[in-house]
Amino acid sequence: MNFTELGLTKRISAVLEKLNFVEPTEIQQKAIPVIVAGRDIMASAETGSGKTAAYALPIIQNLKGTSERKPRCLVLVPTRELALQVQSQFERFSNNSGMRTVVVYGGTGYEKQTRLMRRGVDVIVATPGRLFDHIERGNADLSNVNMLVLDEADRMLDMGFLPQVRQIVDEMEGRRQTLMFSATISKTVERIASEFLKNPVTVQVNTSQVEPSSIEQRIYHIDEAGKDALLVQLIKDEPEMHSVLVFTKTRRKASKIRKRLCTSDITAEEIHGDISQSQREKTLARYREGRFSVLVATDIAARGLDIPAISHVVNYDLPMSAADYVHRIGRTGRAGRSGVALSFVCADQRHLMRDIEKVTGRPLDPNAPQQKNDHPSDHRRSRPRNGNGASRRFSRRRTSSASR
Ligand code: AMP
């Protein structure tokens with residue numbers, strides 16, 4: 001199957017060929033014909049599945065023949081990082097066709113965004129809070145928007161954006177095509193879908209696509225005090241850990257881990273809510289260029305981050321939800337590449353592991369002993385040595401779908 005068979009023009013297919021997009025991904029195969037046909041869509045698809053192209057390509061095709069420069073397409077996303085990535089994908093795919101996109105998000109000045117919107121644009125990619133502020137200030141006119149994308153809808157709901165999304169949608173007049181993408185389809189997401197979509201086609205991709213089978217998952221049973229030493233040891237021992245994304249719970253911990261790594265001569269930087277937007281973008285650019293090997297992040301970076309070269313994701317702290325686990329590990333093993341996800345699990349976190357297993361549908365640790373053996377001083381438990389938390393006695397369990 002190729003992209004023209006899905007209903008895309010030869011012109012767009014030629015651009016894709018240059019970008020080395022040979023085969024459409026599953027979400028692209030299922031969603032593109034529906035969108036080209038003008039139908040509303042409710043799609044469950046994860047970052048990493050190729051979902052951005054699945055909606056951006058038919059939108060770009062639809063937008064050709066620009067008239068007055070009032071925006072005709074609006075893409076709402078939960079985070080700044082995702083907004084920037086979606087915009088850059090629109091620009092890549094439209095390949096100097098003259099289509100104008102603007103990206104609008106909070107944490108940065110209004111002036112430039114206002115200027116770009118007033119100059120005239122075809123596509124706005126925005127986080128709901130900031131776009132709503134612009135509407136209130138009279139900077140954004142959505143009356144001509146006839147294509148609306150709600151990307152990572154579940155995340156937008158989790159972040160409390162529903163009131164702003166409603167107010168933004170109220171600004172649109174006339175008929176519109178609405179495309180909703182969500183990693184999970186909960187009852188709330190379904191309710192929102194019935195509010196914003198008209199007679200939608202539902203599209204689902206395989207779980208194996210959501211959680212790419214190319215990702216090898218490993219579990220390390222370790223106590224809190226031993227995590228730093230284990231991380232340092234793993235990175236030093238495994239030369240293939242050259243581009244690592246470490247997830248931790250809090251901003252303070254992220255800083256602490258980064259410092260600890262640097263003390264051990266491992267190049268590392270941090271990204272979280274205490275770091276300014278412009279600094280975060282600079283850090284991400286440096287990471288993409290491979291200027292340092294470990295990026296320590298809180299969940300703010302979990303969504304939308306598109307760094308194809310990530311070799312390893314480390315869950316230094318397990319996420320609070322299974323959905324976040326899937327989002328996090330989706331940063332590696334993207335678009336056909338292989339990747340490794342390592343998780344540090346403390347003895348009191350078995351319940352989180354079980355939640356994750358329910359969502360991913362496979363055991364994280366197939367060799368785990370029964371509950372009663374969880375705490376003894378067995379070989380699977382790391383113990384600090386010499387008071388510095390270092391230990392070589394951690395244990396590792398691997399689970400790879402490739403072996404099943
Ligand atoms: P997304 O799920 O939209 O975040 O896309 C993940 C990554 O896969 C991005 O870097 C895309 O450029 C890339 N990608 C999307 N579709 C394809 C495809 N058909 N072939 C190769 N790479 C793709």
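Atoms considered below: every heavy atom in the structure, side chains included; atoms not considered: hydrogens, waters and symmetry mates. Just so you know, ligand 1 is whichever comes first in the structure, and atom 1 is the first atom listed for that ligand. Index from 1, following the sequence.
With ligand atoms numbered from 1 in the order given, ligand 1 contributes 1 (P), 3 (O), 4 (O) to contacts under 4.0 Å with heavy atoms of Thr52. Here is the list of ligand 1 atoms found below 4.0 Å of a heavy atom in Arg92: 12 (O).
In summary, the aromatic rings of Tyr55 and Phe181 are positioned with their centroids under 6.0 Å apart.
Contact annotation: for Phe3 versus ligand 1, heavy atoms closer than 4.0 Å belong to the side chain alone. With a 4.0 Å cut-off on non-hydrogen atoms, Gln89 touches ligand 1 through its side chain and not its backbone.
Residue contacts with ligand 1: Asn20 is placed with no nitrogen or oxygen under 3.5 Å of a nitrogen or oxygen of the ligand (distance criterion only). Geometrically, ligand 1 and Phe21 share no nitrogen or oxygen pair separated by less than 3.5 Å.
Checking Glu26 against Ser49 by side-chain atom types alone, no donor-acceptor pair falls below 3.5 Å.
A cation-pi arrangement is found for Arg130 relative to Tyr110, the charged atom lying closer than 6.0 Å to the ring centre and inside a 45° cone about the ring normal.
Note on ring orientation: taking the six-membered ring where Trp is involved, the planes of Phe3 and Phe21 are tilted (angle from 30° to 60°).
Salt-bridge annotation for Asp274 and Arg252: absent, with no side-chain N of the basic residue lying under 4.0 Å from a carboxylate O of the acidic one.
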